[in-house]
Every structure is written in C-alpha cells, then in structure tokens.
Amino acid sequence: MTPTAHDGMLFGIYPGSVTGDDAGGLAVGPPDDPSRITAALDLLQGKPGRPFLVRAYTRFDDTTALGRPHATSTPADAARYAVRGRRLDLVAQYQSASGDVEGYCAYLRELVEQYGDVTSTLQVTEEPNMTSMPTLDGAYPGVQEAIVRGVTAAKERARALGHTHLRVGFNTTPLFGPAASFVSDLTRRAGDAFLSDLDYVGLDFFPDVFVPVAAPDLPDAVEGLLRHHRRTVLDPAGLGHLPLHITENGWPTGPGRPDRRQTEVVETVVGVVAAQAGPLGLSGYTHFALRDADSGNPGLFHRFGLMTDDYAPKPAFSAFAGLVERFG
C-alpha cells in the first residue's frame with residue numbers, strides 16, 4: 001500500500017495561509033511570501049530528493065473557463081514549490097451550483113495536462129460529505145457523481161499522457177453513525193472503472209480541535225478513529241485494499257491553546273500514524289498548515305500554522321521536521 005519507492009512514510013504540508021472557517025468563510029491575513037515558503041519547505045523536507053508533498057487547492061465553479069491554464073487558489077503558483085524532489089498534492093474542488101459534472105471532468109483533464117508532470121496525488125473534490133458550508137464540496141449538487149466520473153476522467157487522461165506516477169483519489173472527514181454510509185453509497189453507484197481507477201482515499205481529521213481530548217487519551221483516540229475509518233467505513237465499501245492518506249491534520253494555537261500543546265499533538269498524531277501505517281494501510285501524512293493566517297486574530301481558524309504569520313517558527317515546526325527525518 002506504499003505509494004512511493006522509498007522505505008519511509010510520505011509526508012507533506014499545506015504551505016499557504018488561507019483557511020476555511022466554520023461559518024463558510026475564509027480566515028485570511030498577510031499575503032504569502034514565496035521565498036520564505038520555499039525556505040521553510042526546504043527545512044521540513046530535509047535532505048533533497050526525499051519525497052515530500054506540497055498541498056495546493058484549485059477550484060471549479062460555474063464561472064471557470066475551460067481551455068486555458070488554471071491557477072491554484074492557494075498557495076498561488078503552487079508548482080514553483082515542486083522542486084528538490086517535492087511534488088504537488090493537488091486538490092480539485094468541485095463547487096458548481098448548477099451541478100456541471102461534465103465541465104468538472106473536463107477541468108480535471110486539463111489539470112492533469114497542466115500539472116501532471118509535477119503532481120503526485122490529485123484529489124477529486126474536498127470533503128464531499130460536508131453539506132453545510134459553501135467552502136466545502138458537499139454543498140453542491142451532483143458531488144457524488146463528480147467523484148465517480150471525475151476519478152476516471154483524471155486517471156484516463158493521466159494514462160494517455162504517460163503519467164504513471166499520478167495517483168487519483170478523494171477524501172472525507174471522519175464518518176460516524178448514518179453518515180458512515182457515505183463511502184458505501186458512493187461505491188454502490190460507481191461502476192468497475194471507478195473502483196479500478198481509484199488509487200487512494202484521504203482523511204481530513206483534527207482530534208482535540210473541535211472536540212476536546214485529554215492528553216493521556218489522545219493516542220488511543222487517534223488510533224481508534226483511524227481503525228474505525230478503515231474497518232467500518234472503507235472495508236464495507238469495498239475499498240479496504242486502498243491506501244488511506246491523512247490529507248489534513250493540525251492543531252491551532254491561541255488563547256488557552258499553548259504552543260507546547262501543539263507540539264504534543266503533532267508528535268502524538270504522527271507517532272500513531274507511523275506506528276499504524278502497516279496494520280491500517282496508512283500511506284502518508286499531510287500537515288495543515290505551514291503558517292498562521294493571522295497571528296493577531298484570536299479566532300480558532302487563524303492560527304493553525306507551525307509558524308506565525310511572519311514565518312517565525314513555533315516549537316512544533318522543529319518537532320515536525322524531526323518527525324519527517326525520523327519516519328520519512
């Protein structure tokens with residue numbers, strides 16, 4: 001289930017600062033500084049050539065013009081960071097209010113053409129199970145059809161262009177109760193092409209962020225959630241053989257949320273993911289995010305970074321670099 005040729009775990013990070021909030025808006029602040037991003041990525045990646053993902057987001061909606069280059073939404077011009085052995089983890093959001101799945105599939109083909117050379121993973125939609133916020137793709141009609149048709153559209157174009165390295169997948173947040181059927185419902189409506197073209201499944205999860213978890217309980221909580229997702233969500237959907245990639249995980253600092261706790265959470269979560277990589281088929285870990293959106297704002301969503309908004313490292317930055325060196 002390991003997607004890379006090296007023996008270690010595949011790491012990555014979202015190097016932008018813009019963050020979605022819980023009200024359907026965006027947490028923003030000072031603009032990104034590409035030179036400082038590059039310097040930080042070099043430090044986190046460590047030795048040149050070590051596989052390392054740079055997570056970037058791009059968006060299809062009813063105003064998207066096909067037949068021309070598509071810019072990444074955040075970070076801007078993300079391909080510039082795919083150097084030194086790094087590659088993009090490109091998220092293609094589906095946000096068509098009219099349900100234009102055909103247009104989205106064409107968009108995915110064009111993304112493969114434009115970014116395929118520098119992209120390792122192409123994620124079709126973002127959190128499609130989340131229906132309550134317009135910044136997430138579950139709020140838009142036809143999202144399941146967009147996943148099913150989009151995965152095959154992207155994979156077919158990748159094969160045609162000889163991009164055998166490009167893996168195509170989709171993600172969700174943790175799924176419990178009736179919501180746990182989301183993936184099974186998806187695979188039931190899909191045909192054989194989707195099941196054969198799908199390379200991985202992603203999981204965005206943020207333990208001890210929205211629901212507090214006592215520090216002594218965090219390792220078991222993380223392992224239990226990962227095991228649940230594998231055994232209760234993916235296995236019954238017929239996707240138990242596919243790698244599960246942690247596509248977003250982080251912990252924000254701020255009032256009542258000290259830097260030392262961020263370090264503890266990062267070390268704990270990555271440690272559990274590394275320990276369970278074999279038993280649970282975990283293919284990698286991508287951190288969210290490199291720097292704060294706005295370190296002067298006390299809001300929960302403004303301080304997810306391993307660095308402040310002026311690129312001063314928090315203690316968790318060096319801790320994460322150490323984890324990449326140890327497990328990557």
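Numbering starts at 1 and runs along the sequence shown. Atom set for the values below is all heavy atoms of this structure, side chains included, hydrogens, waters and symmetry mates excluded. In this text, all values refer to a predicted model and were calculated from it rather than measured experimentally.
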Could you tell me whether the side chains of [X] and [Y] share a donor-acceptor contact shorter than 3.5 Å?
X: Q114; Y: H70; value: no
X: Y311; Y: D33; value: no
X: Q262; Y: R257; value: no
X: D192; Y: S196; value: no
X: T58; Y: Y107; value: yes
X: H302; Y: T19; value: no
X: R59; Y: S73; value: no
X: D62; Y: S98; value: yes
X: T125; Y: Y104; value: no
X: D292; Y: T308; value: no

Please report the shortest heavy-atom distance between [X] and [Y], naming the atom on each side.
X: A40; Y: M307; result: CB-SD, 3.9 Å
X: G67; Y: E110; result: N-OE2, 2.9 Å
X: H229; Y: T172; result: CE1-OG1, 3.5 Å

Could you give the side-chain donor-acceptor pairs of residues 316-328 under 3.5 Å, partners two or more places apart or in another chain?
from	atom 1	to	atom 2	distance (Å)
S318	OG	P315	O	3.1
E325	OE1	R50	NH1	3.3
E325	OE1	R50	NH2	3.1

For the pair [X] (side chain) and [Y] (backbone), establish whether a donor and an acceptor sit closer than 3.5 Å, ignoring hydrogens and angles.
X: R36; Y: D32; answer: no
X: Y94; Y: E126; answer: no
X: D137; Y: Q95; answer: no
X: D89; Y: L53; answer: no
X: W251; Y: R261; answer: no
X: T72; Y: A78; answer: yes
X: Q45; Y: R84; answer: yes
X: R86; Y: Y81; answer: yes
X: N171; Y: L203; answer: no
X: R55; Y: A289; answer: no

Dump the intermediate steps for side chain to side chain contact (heavy atoms under 4.5 Å, CB included) on L218 and V265, then the final yes or no. CA-CA 8 Å; L218 186 60; V265 172; 4.0 Å; yes
Quick one: which of T286, T74, T247 gives a side chain to side chain donor-acceptor pair (under 3.5 Å) with Y14? T74
What do the steps show when you test H287 against F11 for ring-ring contact (aromatic ring centres under 6.0 Å, His included), and what is the final call? CA-CA 8 Å; H287 191 80; F11 282 91; over 10 Å; no
Just checking, R167 and Y200: is the charged tip under 6.0 Å from the six-membered ring centre and within 45° of the axis?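 Cation-pi check for R167 and Y200: passes.
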In Å, rounded to the nearest 0.5 Å, how long is the span from [atom1] of [X] to [atom2] of [Y]?
X: D310; Y: S295; atom1: CG; atom2: OG; value: 6.5 Å
X: R149; Y: L108; atom1: CZ; atom2: CG; value: 11.0 Å
X: E145; Y: L186; atom1: CD; atom2: CG; value: 11.5 Å

D199 and K155: salt bridge (Lys or Arg N to Asp or Glu O under 4.0 Å), yes or no, with the steps? CA-CA 9 Å; D199 294 313; K155 197 66 178 181; 2.5 Å; yes
Walk me through it: do E113 and R109 pass the test salt bridge (Lys or Arg N to Asp or Glu O under 4.0 Å)? CA-CA 6 Å; E113 293 166 5; R109 295 185 192 99; over 6 Å; no
According to the interplanar angle, ranging from 0 to 90°, do the rings of [X] and [Y] count as parallel (below 30°), tilted (30 to 60°) or perpendicular (above 60°)?
X: F194; Y: F170; result: tilted
X: F210; Y: F206; result: perpendicular
X: H163; Y: H165; result: perpendicular

Same cluster or not: are V83 and V54 linked, directly or through other Ile, Leu, Val, Met, Phe, Trp or Tyr residues, by side-chain heavy atoms under 4.5 angstrom apart? no
Expected list for residues 127-136: side-chain donor-acceptor pairs under 3.5 angstrom, two or more places apart:
from	atom 1	to	atom 2	distance (Å)
N129	OD1	T173	N	3.3
N129	ND2	T173	OG1	2.7

